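Let me begin by presenting the structure, written as structure tokens, before commenting on it.
Here the structure is a predicted model, which means the values were calculated and not measured. All chains are named by letter (A, B, ...) in the order of the sequence lines, taking the proteins before the strands, and each is independently numbered beginning at 1. Hydrogens, waters and symmetry mates are skipped; everything else that's a heavy atom, side chains included, is used.
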Amino acid sequence: MLTATEIQAIDHEISLVPYKKATVIEALKIVQEHRGWISDESVEAIAAHLEISPAEVDSVATFYNLIFRKPVGRHIILLCDSISCYIMGYGLLYNALQNKLSIGFGQTSSDNRFTLLPNVCLGCCDHAPALIIDKDLYRDVTVEQLDDMLNKYA
Amino acid sequence: MERPLTSNIHPDRPPLNLKEYEMTGGYGALRKVLKDMLPADLQKLVQNSNLKGRGGAGFSTGMKWSLVPMGENAPHPKYLITNADEMEPGTFKDRLLLEGNPHQLIEGMILAAYAIQADISYVFLRWAYHKAATFLRKSIQEAYDAGYLGKNILGSGFHLEMYLHTGVGRYMCGEETALLNALEGKRATPRAKPPFPQISGLFGKPTIVNNVETLCCVPHIVNNGADWFKSLSYSEDGGTKVYGVSGKVKKPGAWELPMGVTMRELIEEHAGGMKPGLKLKGVLPGGASTDFLTTQHLDIKMDFKSVAAAGSRLGTGTMIVMDDATCPVGFVHNLQHFFAQESCGWCTPCREGLPWVEKILLSLEKGEGRKEDIELLEMHTQYLGPGNTFCALAPGAMEPLQSALKYFRDDFDKHIDHKKCPYGK
Amino acid sequence: MPKIYIDNKSFDVKAGKNLLETCLSLGYDLPYFCWHPAMGSIGACRQCAVRVFKDEEDTKGRIVMSCMENVKEGLRMSVSDEMATAFRAQVVEWLMTNHPHDCPVCDEGGSCHLQDVTVMTGHDYRRFEYKKRTYTNQYLGPFIHHEMNRCIQCYRCVRFYRDYAGGDDLNVFSAHNHVYFGREKDGILQSPFSGNLAEVCPTGVFTDKTLKEHYTRKWDLTTAPSICQHCSLGCNTIPGERYGKLRNIVNRYNGEVNGYFLCDRGRFGYEFVNSENRITQPIIRNRTIEAVSHDLLIQHLAMLLPGQTLIGIGSPRASVESNYSLRELVGKENFYQGVNDDQVFLEQKIVDILQSGCVHTPSLKEIEEADAVLVLGEDIWNTAPIMALAVRQSVMKTAAAESLEQVPLPAWHDVAVKELVQEAKGFLANVTVLPSPLNEIAACSMQGAPDDMARLGFGIAHILNPTLPSVGVIMEKAIIIAEALKHAKRPVIITGTGGCNDGLIRAAYDIAVALKTEDRKPGLAFVLPECNSMGLAMMRAPSLEKVAGRVQNTPNVTVVILENDLYRRIPAAKADAFFRQCKNIIVLDALHNRTTEKAHVLIPAATFAEADGTFVNNEGRAQRSCQVFMPAINTIKESFKWLWEIKALLTSASNGQEKHPDELLARLESSLTQFAGISAVAPPRDFRIHGSAIPRESHRYSGRTAMLSNLAVSEPKPLQDDDSPLSFTMEGYRGMPPAPLIPSFWAPGWNSGQAVNKYQQEVGGPLKGGDPGIRLFEQTTATPVFSRDIPDAFVPRPNKWLLLPQHHIFGTGELSMYTKGIAERSPEPYITLSKWDAEQLGAVKGDLLSVKTDEKIYTFPLIIEESLQDGIVLMPAGLQGMDVWSWGAWVNITK
Ligand SMILES: Cc1cc2nc3c(=O)[nH]c(=O)nc-3n(C[C@H](O)[C@H](O)[C@H](O)COP(=O)(O)O)c2cc1C
Ligand code: SF4
Ligand code: FES
């Protein structure tokens, strides 16, 4: 079931496009914004609201890497693994994060605090290596800074 | 030296608000056009300015606009879309413009929309650019409030709606037809061309997709004329260009410079040269999907034609510098990992070929490669070329690989002969 | 006609086609995967690469995908070009990197498009040495097996299932080299066209689960051209047999009828042939040993029949030959249609209309090409599924044609056309008692009582031709529909007997005739219930009710019932009464049923798979269905053979008892002129090509000498087929047979069904020599006769409900229900009422309600349908074991 807030936000998007189903991605974003991820129930609820099949919603949802079809932790770390960060040593950051959180890419820490994901170039190549936690961008990141950085996220 | 695009951008300060932007002459171009230019005049002006698309392909912007059906019988709504998906590895120029001066983009968009008589415009912004999203949202609202957007703009009878759409990942969304599918709420697989978006684009209606930087040039062209714009450049392509350098240089960064500065100037002067103890080994001149150039090319001009003549592409103009302590095999493997993962899965060569290439490179890097693997890599560079795949992603992916095999073949061979990475990985 | 050059040879080719279709039509073996003749091009697989040159001077050229390039005057291209050839091989190598190479255990093996193309392109050595990608498979229901690892990502499945057939529960998921084709969760595929996945999938991802249960390779099947038995459309099929069992059914292309596709009832509904419930031996009741030999049966009949009045009851599911033979046996005046009064009345109306020739009745292909469709009162989704699929194509194609007028693109360019068309649809008005999935694409739909639907129809006719009677207030929908039909060039009106209302038929006729002008060619299509309903109706015999009256007044009646369960035709009490009045009851049928229980003498009839026979479909197209295999037991024979044997007993003639379909049809057309031309339906039985018959077995058929060695070690003599030019061997003419006699599609290099390309005049066009079937209704210039009596508007009656049938694609058929999966998907009996009516009765969903009809009370759970007209009660039509109810009667309902 979608909440009234979600429905309102989705309906606003619907008002801007020629037909309802063009807002699938917006709807997924809205629901994920509220719930952190997209469950099967969310897929069905969105499908019902947009009058399309769950398969159609899921076909779109599973295409995009920033729509999460599995539960994620409270905070999401997106570590850039593209070329400039590769040159500038993102590998060291990855090793350090793996050690600190005991998780690899695609995993969620056992305390459900962090999910660690690789991400393509964050457009921050002049300040590589870079990462994003939730919506905060960190640039020129060193292994030493990681603890302080992580501590900000409960 | 004139820096029209960035002179009002101060990375440590928030961008100009509407008032401040207007004080710098902002929206003057729009007033001028709405007052005394016909859409066709504006198209012509931009065509005369020799503005070439900054999204990577370098197609004449004015020419592109001229293919949109105009006149009373043209289908409506027409769309104008800013491609702000910037996900090409090594590229960070649009971020500068988006975060630095959103009103400049908005004005450029309204002008472009007027030129093609669009009714609706979108900024397709990648998810990761949160700051840009915040600024854009605010600025679009300001523009609406000031009557630059919406119904009957400045009393001219011209209408335009503008929406910000943020993506949910996938490099493919930057490819203009895949972008259209994403905006329609579909999987971001590309569409066939022809028909071009100018004819059948968003929701099947005439559509123009332009890069952020391209559109940011438009107000300045209107204000100062086509000749002025051409005069900014050191080459036949008009204007300035936001160049960037990343990698192990002393001062990585992005700078607006005349189109056609040399690679040497960019690396040695603006980026301050290589970090101590490192030598330059190779350069991807314009993002991950361009061919390597090497030290022998340092003096070429960074414009579309000259870089092409040297065997690569200007692409986005943001270069990635590879130093001599970085393993080219590992480097190319990282790129191919990116491309394989970002393939949309539509066409066979890209979907199946790129992962194969990635696997070969990984095994080479691990010292498990064989001589035949080089042939397989070469085969892929040959068969994943333009025309063989559905869109330009896979051909782009092959550019750094084919040139790495050409310039750094030694390094590949060493991995095979020594059964390990000579760079100690 | 543009001239193009392929490898320096010049060809005059058809404009508007892409290079791939052009090359295939010219006979080139150019490989492809994602393209499909019925679905167009998407350019995804990159398999069809050729090299195209700018002009004569250009030696470099460029590689293009032939499916994505239009034919152009003077175009130069090369198929054999080295680079293009190497690229095509490379594409297969890529596709095979992750393919499991499990051909020996794959159901597709031997009929696999991927195998064909792999061999064709010359990819034979594998260079990919890494781990393959793997997927998990899904449970997709009783019909389709899923094996995702074999996928080559050609996107055909989703394009067929979603775009072509309108299904919404199959899709593509994920991205890059992990794209996945399936449902969002395990579960039964909902589309009634799901079986086509097994044919559109070029490899073994989607395969026929019913075949799996008694698996046989394509090359080991004995096959023959056949006609589907499960509705009136007469889709062309290829059933396959081995060891006396029917193993599967695949599509047999007929450009005018079913094209490339079948519905799931037609494809999977064949298991009745293999049923335990088959009648295999003659039975004479009330003896110690009832099952008797052939000779004993004949002796018995020889004693029984003299002095009897023979009365024959025909059948809409028996062939023209069998019905005609029964008529010959009992005499014209003693022959009755085995169909109830109401049905005969409606069918007679239809035959009258079609025979008058005032209006054209379209083939399915023509329906696909219609530019506006009105479905008036017939639930075609359930009663004529492939017609519903054709209507869907008409809606899509019309929308595309309109868009392409704005932006000219080649029609084959599927992706681009879809992007352009977006959600636009051509005109369809779907007027039915209950909404069907067709409503989703309908511009206009209406639910109502049959009389009201008919009134809507008369209203439309009146708007089109104001001299026709008015219905009073003109409904807004009538105006919309009339306008749309008027603006069309090729409008089609569809109705049928499923609505149980002759007003619908008359109204549809009036509309169609009113639409006729110089440049507007309307079509009027009728749906009938069974595979030979039309053929039987054309014989114009009286109904079942009439026979009851007759028997009452005639002593010593022996009734001969041909392949017909009368309990499915008339209420049980009436059937019982009828049987009580007959002195002797002789029944010929293939499966036991309530009627065969009543038989004093029961004679085993061959099913369609064991029989030759001709069936007349809803458009009056006579089509030959050939025997696939000979029953192992000599007591199973085509009904017409038995009937002539019996006739020989009566006339004491010793010769002339062996009758063949071609002779029977020749006699039929000389005695009943409405069948003129029917004997040309297929080449006669003595037809040979270069002295050879056409083999039903492939040249690779294995085990011929060994398969029966448990019975006798010497190889048995091949069975002889005296009824058709097909042989039961591997030997014979291997070239192109005449279209009605194609036993299966095979061509050198093409073991998969894709070989069909070689059998067509041009890809996607008619079969070489013309699509099979003889249309029996000629158009004439007769003056149309319009209706004058318009039914009154429907008014619900207090405490009475109008009983109407609800048809079910899975459930309504008599024979298809013997397939487990179809039975599984058939509904349990129910009673459907409108919301208001349910409230009046104080009933909620699931409550047991009792309907009193035909002097019996039936109690079933309630289903509530919001859109059902108040005052109507729906019950499922034709469920197995259920009585037939008097549709159109006013019944009582109690809680
Ligand atoms: C795989 C792929 C990714 C692309 N990504 C971007 C992008 O992020 N931003 C962009 O402006 N253009 C991108 N392009 C180029 C666009 O397709 C298109 O050419 C461009 O937006 C046109 O704008 P312009 O004419 O102003 O250069 C990409 C192209 C491909 C093939
Ligand atoms: S080259 Fe093919 S698979 Fe790759 S991104 Fe383009 S269309 Fe998709
Ligand atoms: S058949 Fe041409 S690309 Fe698939």
Side-chain angles (χ1 to χ4, degrees), chain A residues 12-14 16-29 32-33 38 46 50 52 56-57 59-68 78 80-91 117-132 134-137 139-140, chain B residues 77 86-96 120 126-131 161 163 165-173 182-189 203 205 244-248 251-254 271 284 287-288 318 320-323 326 330-331 334-335 337-338 341-342 344-345 400:
Chain A
H12 171 71
E13 296 299 331
I14 291 174
L16 305 179
V17 287
Y19 43 84
K20 277 189 181 184
K21 67 177 181 191
T23 58
V24 181
I25 296 175
E26 293 300 335
L28 288 164
K29 267 162 42 185
Q32 181 163 294
E33 185 72 30
I38 301 291
I46 292 171
L50 300 182
I52 53 178
E56 196 141 342
V57 174
S59 170
V60 173
T62 52
F63 183 86
Y64 294 99
N65 55 311
L66 292 174
I67 295 295
F68 307 130
L78 295 175
C80 175
D81 67 350
S82 288
I83 191 65
S84 302
C85 291
Y86 167 84
I87 302 177
M88 302 308 286
Y90 97 87
L117 295 169
N119 202 75
V120 301
C121 181
L122 294 170
C124 207
C125 319
D126 48 346
H127 294 283
L131 58 83
I132 289 185
D134 295 344
K135 288 185 176 177
D136 310 324
L137 173 68
R139 320 189 307 171
D140 300 308
Chain B
E86 194 161 70
M87 246 187 263
E88 176 88 5
T91 302
F92 48 98
K93 65 179 183 80
D94 294 339
R95 178 201 280 273
L96 178 74
I120 299 173
R126 69 172 297 190
W127 176 88
Y129 285 4
H130 295 294
K131 208 160 137 191
E161 302 297 332
Y163 307 118
H165 175 99
T166 53
V168 273
R170 287 290 168 231
Y171 170 60
M172 267 314 288
C173 294
L183 268 182
E184 286 180 15
K186 298 176 178 160
R187 297 162 61 84
T189 47
F203 298 114
K205 295 291 194 279
V245 179
S246 68
K248 292 199 171 149
K251 294 185 298 178
L284 299 181
T318 41
I320 306 152
V321 171
M322 184 175 74
D323 56 81
T326 297
F331 186 106
N334 176 276
L335 295 177
H337 167 73
F338 165 83
Q341 173 189 296
E342 294 306 317
C344 73

Distance check, rounded to the nearest 0.5 Å: [X] atom [atom1] versus [Y] atom [atom2]?
| X | Y | atom1 | atom2 | result |
| --- | --- | --- | --- | --- |
| A/Lys21 | B/Glu184 | NZ | CD | 10.0 Å |
| B/Lys186 | A/Ile25 | NZ | CD1 | 10.5 Å |
| A/Tyr86 | B/Ile320 | OH | CD1 | 13.0 Å |

Identify which part of [X] has an atom lying under 4.5 Å from any heavy atom of chain A, answering side chain, backbone, both or neither.
| X | answer |
| --- | --- |
| B/Glu88 | backbone |
| B/Ala182 | both |
| B/Leu96 | neither |
| B/Thr318 | neither |
| B/Thr91 | backbone |
| B/Phe203 | side chain |
| B/Asp94 | neither |

Which atoms of [X] are under 4.5 Å from chain B, going by heavy atoms: the side chain, the backbone, both sets, or neither?
| X | answer |
| --- | --- |
| A/Asp140 | neither |
| A/Gln32 | neither |
| A/Leu28 | neither |

Next on the checklist: Could you walk me through whether B/Phe338 and A/Cys121 satisfy the side chain to side chain contact (heavy atoms under 4.5 Å, CB included) test, starting with their C-alpha distance in whole Å, then the side-chain angles of each, then the deciding distance to 0.1 Å, before giving a yes or no?
Outcome noted: CA-CA 9 Å; B/Phe338 165 83; A/Cys121 181; 5.8 Å; no
Item to check | Flag if over 12 foreign heavy atoms under 6.0 Å of NZ, B/Lys131 | outcome: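 At most 12 heavy atoms, drawn from other residues, nucleotides or ligands, come within 6.0 Å of this atom.
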Given the options [options], which has more heavy-atom pairs under 4.5 Å with chain A than any of the others?
| options | result |
| --- | --- |
| B/Pro252, B/Ala271, B/Ala288, B/Gly247 | B/Pro252 |
| B/Glu86, B/His165, B/His337 | B/His165 |
| B/Ala128, B/Gly167, B/Pro89 | B/Pro89 |
| B/Thr166, B/Leu284, B/Val321 | B/Thr166 |
| B/Gln341, B/Met322, B/Lys93, B/Lys248 | B/Lys248 |

Item to check | Audit row: A/Ile87, B/Asp323, side chain to side chain contact (heavy atoms under 4.5 Å, CB included) steps and yes/no | outcome: CA-CA 9 Å; A/Ile87 302 177; B/Asp323 56 81; 3.8 Å; yes
Closest contact, heavy atoms only, [X] versus [Y]:
| X | Y | result |
| --- | --- | --- |
| A/Tyr64 | B/Val168 | CB-O, 3.3 Å |
| A/Gly123 | B/Phe92 | O-CB, 3.2 Å |
| B/Cys344 | A/Phe63 | O-CE1, 3.7 Å |
| B/Gly90 | A/Ser84 | CA-OG, 3.8 Å |

Taking [options] one by one, which has the highest count of heavy-atom pairs under 4.5 Å against chain B?
| options | answer |
| --- | --- |
| A/Leu16, A/Val17, A/Thr23 | A/Leu16 |
| A/Leu122, A/Leu137, A/Asp81, A/Asn119 | A/Leu122 |
| A/Ile132, A/Val24, A/Asp136, A/Val120 | A/Val120 |

Checklist entry - Given side chains that start at C-beta, do those of B/Trp127 and A/Leu78 come closer than 4.5 Å, heavy atoms only? => result yes
Item to check | Validation row: B/Arg95, A/Cys124 side chains within 4.5 angstrom (heavy atoms) | outcome: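 They are in side-chain contact.
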Next on the checklist: Could you check whether any side-chain N or O of A/Asn65 sits under 3.5 Å from a backbone N or O of B/Arg170, counting only pairs where one atom can act as donor and the other as acceptor?
Outcome noted: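 Present.
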